[in-house]
Amino acid sequence: MVSSIIILLAAPKELPKLPSFRSVCSVVVKMRTINSNQCVKIPKDIKASVKARVVTITGTRGTLKRSFKHLALDMYMSDKRTLKVEKWFGTKKELAAVRTVCSHIENMIKGVTFGFQYKMRAVYAHFPINCVTSEQNSVIEIRNFLGEKYIRRVEMAPGVTVVNSTAQKDELIVEGNDIEAVSGSAALIQQSTTVKNKDIRKFLDGLYVSEKTTVVKVEA
């Protein structure tokens with residue numbers, strides 16, 4: 001008697017689905033610092049106020065105002081001579097803004113106390129560069145650059161003046177209270193004398209920043 005053996009093969013069970021890379025990344029939690037803060041000391045001869053993240057600094061040279069409303073920070077006067085900037089539950093990049101804001105405020109205090117001064121020198125190999133200021137030293141006209149007839153006209157930022165130095169030949173002095181306005185105006189002057197379609201390693205003509213200092217000399 002031949003017995004037939006029937007073997008039943010069980011259907012394979014479905015393997016569990018593995019989570020996708022995107023779903024794995026979505027569960028990663030960014031670490032947040034509970035509180036980060038920094039204070040700026042206000043000198044005796046400076047008046048400072050903060051309202052709705054708009055900082056106003058008044059000193060001997062004038063008044064500067066700057067808005068920080070684009071940053072989610074707490075800013076307030078902890079006392080009459082201390083301005084506090086703090087961030088609650090911030091990520092690493094958000095916490096970096098705390099020190100950045102304090103640096104801006106310190107530059108504002110320095111600007112209304114000492115002022116910022118950039119000195120620029122005219123460099124030329126053959127054709128002398130002529131610089132003429134106008135409109136109460138708020139506009140500079142650059143002539144004869146590389147022998148060109150074109151007159152380059154550069155307007156300074158509000159609150160910035162530019163004059164020809166009386167102590168040094170071919171030197172410009174850019175002054176103001178706002179460091180960003182002064183440095184930006186100096187950059188516009190330098191960019192106006194960019195050499196085009198020539199080898200800039202050989203044609204070095206232009207106006208370049210030679211010194212960064214303050215209007216009122218700081219005592220060492």
Side-chain angles (χ1 to χ4, degrees), residues 46 54-71 97 100-101 103-220:
I46 299 294
V54 177
V55 180
T56 305
I57 305 292
T58 303
T60 54
R61 291 182 54 85
T63 301
L64 288 177
K65 182 181 289 186
R66 179 157 185 164
S67 173
F68 296 99
K69 290 188 176 183
H70 61 288
L71 296 172
T100 300
V101 170
S103 297
H104 284 310
I105 296 172
E106 289 172 355
N107 282 334
M108 294 168 67
I109 294 173
K110 186 177 180 181
V112 297
T113 305
F114 303 104
F116 293 99
Q117 181 184 89
Y118 278 37
K119 294 182 180 180
M120 305 185 71
R121 292 292 298 272
V123 178
Y124 53 86
H126 185 270
F127 297 101
I129 300 175
N130 299 326
C131 299
V132 180
T133 59
S134 60
E135 299 183 20
Q136 298 179 347
N137 296 329
S138 63
V139 176
I140 183 170
E141 293 181 351
I142 303 168
R143 304 169 186 264
N144 200 38
F145 176 68
L146 292 178
E148 298 176 2
K149 298 295 184 182
Y150 177 71
I151 300 174
R152 290 162 169 79
R153 191 173 186 272
V154 182
E155 295 183 4
M156 300 294 101
V160 179
T161 60
V162 55
V163 295
N164 285 292
S165 174
T166 57
Q168 179 69 47
K169 181 187 176 185
D170 297 328
E171 185 177 65
L172 294 176
I173 297 178
V174 184
E175 293 180 347
N177 294 341
D178 189 349
I179 188 171
E180 293 192 4
V182 173
S183 60
S185 299
L188 290 176
I189 295 174
Q190 178 175 337
Q191 291 170 4
S192 69
T193 58
T194 302
V195 178
K196 303 290 181 65
N197 302 322
K198 291 182 177 65
D199 187 355
I200 59 174
R201 296 171 297 179
K202 180 68 175 177
F203 293 85
L204 301 173
D205 294 31
L207 289 158
Y208 302 98
V209 175
S210 60
E211 184 181 353
K212 300 176 183 179
T213 181
T214 56
V215 179
V216 180
K217 301 307 176 185
V218 182
E219 296 180 359

Using a 4.5 Å cut-off on heavy atoms from C-beta on, say whether the side chain of [Y] contacts that of [X].
X    : Y    : value
S192 : I142 : yes
V195 : F145 : yes
V112 : T58  : no
T56  : T63  : yes

Shortest non-hydrogen contact between [X] and [Y], atoms and distance:
X    : Y    : answer
P158 : A181 : O-CB, 4.4 Å
A186 : V209 : CB-CG2, 4.1 Å
F116 : D178 : CD1-C, 4.3 Å

Around atom CD1 of I200, are there more than 12 heavy atoms from other residues, nucleotides or ligands closer than 6.0 Å?
no
For K69, I'd like to know if atom NZ has over 12 heavy atoms of other residues, nucleotides or ligands within 6.0 Å.
no
Among all residues two or more places apart in sequence or in another chain, which pass the salt bridge (Lys or Arg N to Asp or Glu O under 4.0 Å) test with R66?
E180
List the residues meeting salt bridge (Lys or Arg N to Asp or Glu O under 4.0 Å) with K110, not counting sequence neighbours, and say none if there are none.
none
Just verifying a value: how many Å separate [X] [atom1] and [Y] [atom2], rounded to the nearest 0.5 Å?
X    : Y    : atom1 : atom2 : answer
R152 : T194 : CZ    : OG1   : 8.5 Å
L64  : I179 : CG    : CD1   : 11.0 Å
I189 : I140 : CD1   : CD1   : 5.0 Å
I129 : T193 : CD1   : OG1   : 6.5 Å
I46  : I57  : CD1   : CD1   : 7.5 Å
H104 : E106 : NE2   : CD    : 11.0 Å

Table please: side-chain donor-acceptor pairs of residues 117-128 below 3.5 Å, with sequence neighbours left out.
unit_1 : atom_1 : unit_2 : atom_2 : d
Q117   : NE2    : E175   : OE2    : 2.6
Y124   : OH     : D170   : OD2    : 2.9

If we ignore hydrogens and angles and just use 3.5 Å, is the side chain of N177 paired with the main-chain N or O of R61 as donor and acceptor?
yes
Side chain to side chain donor-acceptor pair (under 3.5 Å): which pairs involve residues 138-147, sequence neighbours left out?
E141-R143
Pairs meeting criterion side chain to side chain donor-acceptor pair (under 3.5 Å) with involvement of residues 154-166, two or more places apart
R153-E155, S165-E171
Restricting to side chain to side chain contact (heavy atoms under 4.5 Å, CB included), what partner residues turn up for D199, sequence neighbours left out?
R201, K202
Checking T213, T214, V215 against F114 for side chain to side chain contact (heavy atoms under 4.5 Å, CB included), the one that qualifies is T214
